[in-house]
Structure formats: structure tokens, C-alpha cells
Amino acid sequence: MSATLSYNYCFYDSTVPRNNKNLTAKRAAKLKLDEDSVFVTNPRISKSLRRHRNPSKNLPASTGPPQDFSLARALRYYVDSGNMENAVCVFERMNHSDPYCWNVLIRGFTDNGLFREAIGFYRRMESEGVRADKFTPTIVIKACGGSLSFCEGQKVHGNLFKVGLDLDVCVCNSLISMYSKLGYIEYAVRVFEEMPIRDQVSWNSMISGYAAVGDGWNSLVCFLDMQALGMKPDRFSIISALNACSVECFVRCGMEVHCQVLKFGFELDVMVQTSLLDMYNKCGHMDYAERLFDKINPKNTVAWNAMIGGYVLNEQPCKSFACFRKMLEEDNVNPDAITMINLLPSCAQLGALLGGKSIHAYAIRKGFLPHVVLETALVDLYGSCGKPKMAERIFGEMAEKSVITWNAMIAANVQNELNMEAMELFQDLLNKPLKPDAITIASILPAYSEVAPLREGKQIHGYIIKSQHHSNTYVLNSTVFMYAKCGELGTAQEIFDRILFKDVSSWNTIIMAYAIHGFGRKSIELFYEMRDRGIKPNGSTFVSLLTSCSISGMVKQGWEFYHSMKRDYIIDPGIEHYGCILDLLGRTGNLEQAKNFIERMPLEPTARIWGSLLTASRNNKSIEFAELAAEHILSFEHDNTGCYVLLSNLYAEAGRWEDEERIKSLMKNKGLRKTIGCSLVETKGKPYRFINQDRSQIETNTIYNVLDIFSSKMGDAKYVHSVTKFRPQDLLKKRANSPENHSVRLAICFGLISMKIGNPVIVRKNTRMCKDCHSAAKKISEITNREIIVGDSKVFHHFRNGNCTCSDYW
DNA sequence: ATAGGGTTAG
């Protein structure tokens, strides 16, 4: 025994030269291969000749039972229990010349998701000159499929071709599966078409392969073709066909497959049941899914996960939590990483940071981390809950990242207005081997919608047109919104019209585009058009609609939509909906009611919720409520600079200078600085940026002259708001920071003198427009008889004939 | 003694 051990350890130690026996074997194998390759690579030798060769003639005869049964048993035991460390230990003590132990070990790695290691051991097997037997290729191909390494798979395929094993039915079936897992469906199709004999597994591999690449249609075609040849579907075919129905949202097809489930007697098969309920969930038929779920007995973790995921998918986050709680009450079921992954988006939907954090903690306690998908879901959660720093931390500490992880991080930055960070991240990604996908582009686009020049947005649009994503609905939806945010509502509408396959998000986007521009009636019109075209609205549709009603001051309609959402569409209001409702309440000026609404809300109020009350307080000049709201907002770790500024302005307007001073010094102590207000106007494709009191532009003199003319024309009205806003001593000084010289006004004047008459002047600014500038813009539109559009950080104000689309509430 | 196709996920 000890002799065997020391002998085997020689292999492990790379400093010890390998014995000649193996080298000879390797050379012999190579010679054999060369001989074969002459045969098979000769194009004149027909395909049929190759087909009729007996593939197994190249395989070594069985070496018989291994010398040590107990070691082989131990190896199998460790492999089956997932203890690969011990499995390797046992393996190292075995005689390596038998392919059997290699096969078991490589399969073990594959079954435990350690694909790289599986391929590594296969390479070692080759280099040690151990000849593969008929089981090895299928095992290795599976590992290649799992590791998503196309190169490795091609190499193996090539070798199999050389030894004539590429026509073996098992090998072909695993090749089909490997290629479709890698996304190369056309390779899978070729293998399928060229194989001499197809069995049920071959058909099943194609059905699942098409579904895996998102081609549910062809998957179902295969499902039917197979039956036309007289083969009955088995549980594998059924499960894959159901997957195809989910992919295409073909609920009627799904029901037909459901009938077959009953006909062929699979109705008690848990996997089939789970696939069925998943199909109904994904097609939006929660009622059927719930009924099926009730019948599953006993329910395993996967079934629970599918149901929790279904509620999340159908935007019923409260129900998904309820389902999770029921799952915890069960004795024999334990939540796993996928449970967490399914549950996390419901926290994001509810804006429930605390819930998300407790899931995070639970995942840590249960040892689910590290886990790429779970960590990505966490990045997404923290991003959605206004915690980009937390998202960043998880992202930074991740051992493994996928494109989806990058997408989540970019989105986290964009959602939290960290546009520069998002753009930098996008640049970083371009230098990585990972390829940006449609979702990356759609996520980065909003960063270009803020105060980046339209020219840059157009450049990205150009990149999209040239890329393979030019007709991707998801990408186009983001492009529509980008143009809307850049003030080009017409271009947005044009691109929307040209989207070939408009999904619910396309409609939500265009409704929101008109919403932020203050065209409430147009938004509602589009909502009805969408409904008439059979598109089912979701939670976001109502966010768009409610936003539209609040911006356009359509309070009554807003409430009607809110009730209809719950009653007619069974959608639980999320934190966003509550925010919109608060904006509606703010408009009516009933701050007491708004406060009560926040207290009665079933969700934890976020900074955005209190921000809504703060805005309402400002518009209704209530310092009492503003202080209440501010107190809450300042308790968040959120970037609340805007809140300080609003509050200090409010104190100033009321002449409460001491309080104003207090807030200013609070800001100073916290190291917060007022965001530098900046306005952007573009003419002839060139961007011009203005800050307050800007004198850096070439046209400065003209701009200030025009401004003076307007000031005199506006007459006394100009100081109505501002007179109380400045301390007496400040009024004596040269009014340095007077709203008269605010960046928006400079930009408007520049726009008026440099743009063609008839074109609207479009100005975008990074902070909210102040009251003074708002009334000035109204006047200017009246005096000049031109349309002025100012997009601030929240809404677009369309000034025409002395009026604004926001009806003076924003 | 060992192989190929299957459920839930960002």
C-alpha cells in the first residue's frame, strides 16, 4: 500500500519527471490520431462511409474491475455527497491508469458546478496519457457546457470527430445540449441534422435547446415534429415545452400541454407541476398557478420559489412575502439562495430597505454568499432603495462578476443620480472581456438624459443604430425617454412610433414622457390607446399615469386611477405610487391630510415620500410641515442637500434669518455644499452652459442687455417674490446672488437671441427652478410671444403666452 | 461500477 502511495504521488509532484511508460502511451495515442485524421479529414471520403465506421473500435477494451473496490466506493461516496476535496484525496491514492476513476471525478466536479476543475482534470487525464473510454466524452462535454467555454467544447468536439466518436447518439445529444447552453443554437441544429440516429433524448435536447436560447416557437415546432414521428412526449419533453410556452407567453399552448400532462399521467410529478405553475405565473395567470400550487403535496423548495417568484413577477410583493412566511412555517422545506433572489425584488418594489437588509443578513447567516446571482440581486436592491454606496460595496467585494452584475451597478448609480460614476463604470466595462448587452445600453442611456449635452445622447443613439441592438425594444424604450428628458418630445414620439414590438414598458415610457412635459391629457389618451390594443398595464404604468395627473394638476383623475389600479388591475401600490398620491394631496394644499396619509401608509416612508411633503409645504408656504418633513429627511443617510436648500429658502422667504443661518451652518458642518445651479442651452448642435451671474460667454453683453429689457418690461412684478428673500443689509449691497441673474434666465436670453424664431427655446437645468425664475419665464414667453421650455430636475415647464404647463406647482 | 435530455434565479 505504501509503495502504491509513493508511486502515485510522483504524478502529483511536477518536479519529478514522468515515467516513460506514460510518454510512450501518449505518443502511441497521437500516432493513432494522426492515422485517423488522414482518414476523416479527406473530403473525398464520403460522409456515409464515416458514418458506417464503428466508433467503438477506437476505444480500449474494458480494463475490468479496479484493483481497489473500497477506494472506488469512497470516491463515489464523496462525489455523490459533494465533498470534492475528499474525493480528490481519495482519487490521488488510486491507480490512475483506469479511465473509470477519472470519469467519476470529472462528473463529480460537473455535478457540483465546478466546471473549470472538471476541465482541468480532463486536461490532466490527457497529459497523463490515460485514454478516454466511451463515457468520458459525454461527461467532459457537459462540463464544457456548464463552464460556458465554447473554445474548450470545440476542441473536444474536434477530437471526437477525429476518432469518429462524433456520431455516437449519446455524444451528439450532449453536444446539442452543450451548444444550446452556450447560445450557439445553429451548431446544435447542425449536430442534430447530421446525426445518423435520433432518439427521444435527441428531440428533447432540441426542444430544451431552442427554449434555452429564447426561441420558444421553434422549441414547440420540435415538440410537435417529435410527436408527428410517433414518439410520445415524456416528462422531459413536457417540461421543456412548458418552458417554451413561458418564453413566448403562449398560455393557450401551455394549456394544451397541460392537457397532455393529464393524458399521459404526469400530473403528480413535482417537476412537471412546478413547470406548469411557473408557466401560468409567467403568462400572468396567477389564479391557475395558485390552484396548481395548492395541489402540490409535498411542496419542495423549488415549488415555493417558483410561487414566490411568480408573485414578484406579477407585482404582488405583499403576497410574495406572505408566501415566504408560509414557507418558513413548513417543517421539511428550507429556503435557499434562489428563494432570496426571488424575494429581493419584492423589497425593491415596496422600497422596503429594512426587509431587504434582513434578507441580506439571513443570506449571510445561512452561508449563501458568495453567490453571483444573489449578490447581483443585492446590488439591485440597494440601488433601488437609494443606497448606491452599499451597492458599490457589494460590487467591489464580489469575487466573480457577470455582465448582469455590471448592469445592476450602472443602474444603481443612474437611479441615484450618480451619472458621472455610471459613465465611468460603462467605460471600465468596455475595457473588460465582458461584452455590454442591450440592458447595459438601456441602463447607461438615462445618464445621458441629465445635463449631458444632447449631442452626446445622439452619439449613443448612433452607436445603437450601428450595433446589433438597433431594434431591441428595451434599448429603444430607453432611447425614447432619453430624448424626452433632453426636451425633444417630438423625436421621442417618432422613435416610439417606429418601435416594431412595443411592450408594456414602451407604453409606460411614452406616457411618462408626456407626463414630465406636463401633457396630462395626452398621457391619459395614450393609456386608453394602450389598453385598447390589449396591452395589460402594470405597476409602472400607474406610476406614469399618477405622475402625469399630479404634474398636470388632475387631482380627481389621479385618485380615480389609484383606485382603479387596486380594484380593476389588482396591483398593490408600491412606494412610488404613494409618492404620487402625496404629490396629488400636496396640490390640494391639505397638508394635514398628507401627513395622515404618510402615517397610515403600510410601507415605511422613504426620503422621497417626505420630500413630497416638503415640496407641498414649500408650495403652500407652511414652515411647520416643512420642518416636520425635513426632520425625517435629514434622518436618512440620503444625499439631502436639496432638502437643506429648500428649507433655508423657506426660512428666508418668511424672513426667519436666524433659522436660515442655522441651516446654512448645519450644512457647512456636514460638509454639504449647495449644488451649483447650471443651465444648458443648445444651438446648432453646440452646448452652452451657464451658471448664476455667468459672464464667461462671448455674447455676455448682449445677454445682459436683453435681460435688462425684460426686467424693465416686467416692471414692479419682478420683486414680488424676492423682496422678502434678502436681508435688508444684502439689499444694500450689490445684489450678487439675485435671481435676476440666475443661470436659467441667462440661458433663456441666449437661446432667444441665438435660435431661429419659431423654434422653442429649450433649457435644461440640474436643480429645481426657483419661483422667481418661473414667473420671469412666464412673462418672457408672453413678451416675446415664443415658446420657452425649461426642464428642471423634476419636470419640464412649457411656457407659452404667460402660462406654464405645471400650473405653478412643482 | 460510470454517459446524453428536465423545475425555481440577477
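Treat the numbers as computed from the prediction; the structure is a model and nothing was measured. A note on names: the letters A, B, ... follow the listed sequences, proteins ahead of strands, and every chain is numbered from 1.
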Quiz prompt | Strand contacts (DNA chain B) in residues 332-351 of chain A, 4.0 angstrom heavy-atom criterion | solution = A:I338, A:I341, A:N342
Practice problem: Verify whether one side chain among A:D503 and A:N477 offers a donor that lies under 3.5 Å from an acceptor in the other. | Solution: yes
Practice problem: Please step through side-chain contact (heavy atoms from CB on, under 4.5 Å) for the pair A:C172 and A:F192, ending with a clear verdict. | Solution: CA-CA 7 Å; A:C172 284; A:F192 181 75; over 6 Å; no
Exercise. Would you tell me if any nitrogen or oxygen in the side chain of A:R107 comes within less than 4.0 Å of OP1 or OP2 on B:dA3?
Key: yes
Quiz prompt | Candidate nucleotides B:dG5, B:dT7, B:dT2, ranked by approach to the side chain of A:D133 - the nearest | solution = B:dT2
Quiz item: Would you say the side chains of A:T339 and A:N342 form a donor-acceptor pair under 3.5 Å?
Solution: no
Self-check item: Phosphate OP1/OP2 of B:dA9 contacted by A:K282 side-chain N/O (<4.0 Å)
Solution: yes
Quiz item: Hey, is A:F135 stacking on B:dA3? Ring centres under 5.5 Å, planes under 30°.
Solution: no
Exercise. Could you check whether A:N300 gets within reach of a base, just the sugar-phosphate, or nothing at all, counting any heavy atom under 4.0 Å?
Key: nothing
Quiz item: Choosing from B:dA9, B:dA1, B:dA3, which nucleotide comes nearest the side chain of A:V373?
Solution: B:dA9
Quiz item: Which part of the nucleic acid, if any, lies within reach of A:N103 when heavy atoms closer than 4.0 Å are counted: base, sugar-phosphate only, or nothing?
Solution: base
Quiz prompt | Atom CG of A:N332: over 12 foreign heavy atoms under 6.0 Å | solution = no
Practice problem: Go through the side-chain N and O atoms of A:D278 and A:N281 and say whether any donor and acceptor fall under 3.5 Å apart. | Solution: no
Practice problem: Determine whether any donor atom in the side chain of A:S402 lies under 3.5 Å from an acceptor atom in the base of B:dG10, or the reverse, and answer yes or no. | Solution: yes
Exercise. Using whole Å, report how far CD1 of A:I296 lies from C1' of B:dT8.
Key: 11 Å
Quiz item: Hey, is the side chain of A:K401 poking within less than 4.0 Å of OP1 or OP2 on B:dG10, counting only N and O atoms?
Solution: no
Quiz prompt | Flag for A:T405-A:T376: side-chain donor and acceptor within less than 3.5 Å | solution = yes
Practice problem: Please tell me which of the listed nucleotides, B:dG5, B:dA1, B:dT8, lies nearest to the side chain of A:R76? | Solution: B:dA1
